[in-house]
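For reference, the structure discussed in these notes is given below.
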Amino acid sequence: MKPTLSDIAKLTGLTTASISMILAGKQIERFPPATIEKVEKVANELGYISKQSRKQPPLILIVCPSVINPYFATLLQGMESAAEKVGWNTSICNTYWSKDREKRIINLAKQYNVKGVIFAMIPQQPELVESLSALKPVIVVGDKRSAVNLDTVDVNNFSAGYMLGQHLIELGHKKIVYLSTTLNKEHTSRVFRLNGLQTSYSELCPEGTVDVITREVSYKTEIDNVEIEHSIGQNLAKDFIKHKKEATAIVAINDMIAYGIMDELISQGFKIPEDYSICGFDNIYPSKFLNIGLTTIEHFINNKGTTAFNLIHERLSSTDDIHSTTHVEFDCKLIVRTTTAPPRRC
């Protein structure tokens, strides 16, 4: 039997008229926030669907750090393409890696009209997202080694780092440097890529070295600068030239950072790959341009986005009460282009 407004009234102690206004968003200012949250929570838990909602396509909220990086733009397009095929609506919210923004977005996702949520990255506050998943389906596009108790579409960033390390070792590079933005437990993909790189050298080239140079990026810097990753890449390259110039290869945390690194090195008179080999991660579409030709790791970004949406569509369309946690993993693939070559003669 389908839940009704009367069922919600019994559990909240409110009139059906008040509940109807709250769920319809009418004269919402009349009600305290706690009352609104209580009604929406009960409605979600009961699986109540209004007559108006039955006529409207489901709304899926997509959460990502920023759409400036083509990685996330490609990922989101995969999601929206899949949503378009079934006639569902999507809405995109950016966190810019701010915990406060992420928390506000999670609270927004609890609203009655949002039917499900897709995180385009591992959330910084997984405990809040796991709590949200008790109310409605949540899918996370993340990393195989991240410990989140949620449905995920994974890539193995450790393997990705290992692949690049193996490639550079085979070329003969013994001194390499990993250049990255903020490295901590809240940015697991960056850490796992470094771990894979370090492990490849410890196992396959123990006489080699993997040094690390990082730059902290604040929320304000992230949101105020549309060229943030390219400019950070340039600054990381300056740090590299100042402190680790003797290395022969650079691994950037992603392709966008790699572009900034390359531009800075070229502006200072260095040649790629004659002086320094450069690698990135993600294989975003500009990396194949002839004047870039970046060696990188393919993550099948668009396919991950499509798969993430299809998972949430299956969750919401299923009438089965049995719930299991689903993990879909995409393999990584090394793409060798013109930015890597044997090391220069010292």
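The structure displayed is predicted, hence computed values, not measured ones. Side chains included, hydrogens not; waters and symmetry mates left out as well; all remaining heavy atoms used. Count residues from 1 along the sequence.
- By the 4.5 Å heavy-atom criterion applied to side chains, H327 and T325 are counted as neighbours.
- Counting only heavy atoms from C-beta outward, the side chains of I261 and F240 never approach each other to under 4.5 Å.
- No hydrogens or angles considered: a donor-acceptor pair under 3.5 Å links the side chains of D255 and S287.
- A heavy-atom distance below 4.5 Å is found between the side chains of I105 and L61.
- Across Q234 and G260, no two heavy atoms sit closer than the pair CG-O, 3.3 Å.
- In terms of modelled atom types and a separation under 3.5 Å, the side chain of N107 and the main chain of R104 share no donor-acceptor contact.
- A donor-acceptor pair shorter than 3.5 Å can be found between the side chains of H187 and N184.
- K136 contributes a side-chain N or O that, together with a main-chain N or O of V114, makes up a donor-acceptor pair within less than 3.5 Å.
- Hydrophobic cluster membership differs between L135 and I118, with clusters built from Ile, Leu, Val, Met, Phe, Trp and Tyr side chains linked at under 4.5 angstrom.
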### Task
List the steps, then state whether side chain to side chain contact (heavy atoms under 4.5 Å, CB included) holds for F309 with V86.
CA-CA 10 Å; F309 178 83; V86 296; 3.6 Å; yes
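- A donor-acceptor contact under 3.5 angstrom links the side chains of H173 and T248, judged on distance only.
- The closest donor-acceptor contact from the side chain of T296 to the backbone of N283 lies under 3.5 Å.
- More than 12 heavy atoms of other residues, nucleotides or ligands shown are found within 6.0 angstrom of CD on E298.
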### Message
Run the salt bridge (charged side-chain N to carboxylate O under 4.0 Å, His left out) test on K174 and E207 for me, step by step, so that the C-alpha distance in whole Å, both residues' side-chain angles and the decisive distance to 0.1 Å come before the verdict.
### Response
CA-CA 7 Å; K174 293 187 177 182; E207 71 277 17; 3.7 Å; yes
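- Between the side chain of R190 and the backbone N or O of T182 there is at least one donor-acceptor pair closer than 3.5 Å.
- Panel note: side chain Q125, backbone E102; no donor-acceptor pair is recorded below 3.5 Å.
- Atom OH of Y285 has 12 or fewer heavy atoms from other residues, nucleotides or ligands within 6.0 Å.
- Nearest approach of I169 to S200, heavy atoms of both residues: CD1-O, 3.6 Å.
- Within the model, atoms CD of Q124 and CD of E127 stand 11.0 Å from one another, a figure rounded to the nearest 0.5 Å.
- With values rounded to the nearest 0.5 angstrom, I297 atom CD1 is found 11.0 Å from N156 atom CG.
- Results of the side chain to side chain contact (heavy atoms under 4.5 Å, CB included) test with F119 over V129, V141, T152, L150 single out V129 as the only residue that passes.
- Minimum heavy-atom separation, T12 to K38: O-NZ, 3.4 Å.
- With hydrogens and angles left out, the side-chain atoms of T307 and N310 include no donor and acceptor closer than 3.5 Å.
- Environment of CD in E227: sparse, with no more than 12 heavy atoms of neighbouring residues, nucleotides or ligands closer than 6.0 Å.
- Rounding to the nearest 0.5 Å places CG of N157 at 12.0 Å from CG of L197.
- Looking at heavy atoms from C-beta onward, T295 lies in side-chain contact with R337 at the 4.5 angstrom threshold.
- Taking K85 as the reference, nothing meets the salt bridge (Lys or Arg N to Asp or Glu O under 4.0 Å) condition, with sequence neighbours excluded.
- Taking the side chain as every heavy atom from C-beta outward, W88 and K115 never approach each other to under 4.5 Å.
- The two atoms that bring P123 and P126 nearest to each other are O-CD, 3.6 Å, heavy atoms only.
- Closest approach of S66 to N94, counting heavy atoms only: CA-OD1, 3.6 Å.
- For E84, the CD atom is loosely surrounded, since the number of other residues' heavy atoms within 6.0 Å does not exceed 12.
- Between L294 and M262, some side-chain heavy-atom pair lies under the 4.5 Å cut-off.
- Looking at I257 and N254, their side chains come closer than 4.5 Å, going by heavy atoms from C-beta outward.
- Grouped by direct or indirect side-chain proximity (heavy atoms under 4.5 Å, Ile/Leu/Val/Met/Phe/Trp/Tyr only), I68 sits with V226.
- Across V153 and I139, no two heavy atoms sit closer than the pair CG2-CG2, 4.4 Å.
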### Task
Before giving the answer on side chain to side chain contact (heavy atoms under 4.5 Å, CB included), spell out for V191 and L183 the whole-Å C-alpha distance, their side-chain angles and the decisive distance to 0.1 Å.
CA-CA 6 Å; V191 175; L183 274 176; 4.1 Å; yes
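- The distance from the CG atom of L164 to the SG atom of C332 is 9.5 Å, given to the nearest 0.5 Å.
- No continuous path of hydrophobic side-chain contacts links L290 to I272 [ILVMFWY only; heavy atoms under 4.5 Å].
- In this structure, the separation between CG on D239 and CD1 on I213 is 6.0 Å, given to the nearest 0.5 Å.
- With hydrogens and angles left out, the side-chain atoms of T90 and E80 include a donor and acceptor closer than 3.5 Å.
- Looking at Y71, F72, Y96 one by one, the single match for side chain to side chain contact (heavy atoms under 4.5 Å, CB included) with C64 turns out to be F72.
- R315 and T326 share a side-chain donor-acceptor pair at under 3.5 Å.
- Using modelled atom types, one finds no donor on one side chain facing an acceptor on the other under 3.5 Å when comparing Y219 with T95.
- For the pair R193 and F281, the distance from NZ or CZ to the six-membered ring centre is under 6.0 Å and the angle to the ring normal is within 45 degrees.
- For the pair T199 (side chain) and N195 (backbone), a donor-acceptor distance under 3.5 Å is present.
- I8 and L11 fall within a single hydrophobic cluster, where Ile, Leu, Val, Met, Phe, Trp and Tyr are joined by side-chain heavy atoms under 4.5 Å apart, directly or via other members.
- One distance of note links OG1 of T181 with CD1 of I232; it measures 7.5 Å at 0.5 Å rounding.
- Here the side chains of I122 and S189 are not in contact, with every heavy-atom distance at 4.5 Å or above.
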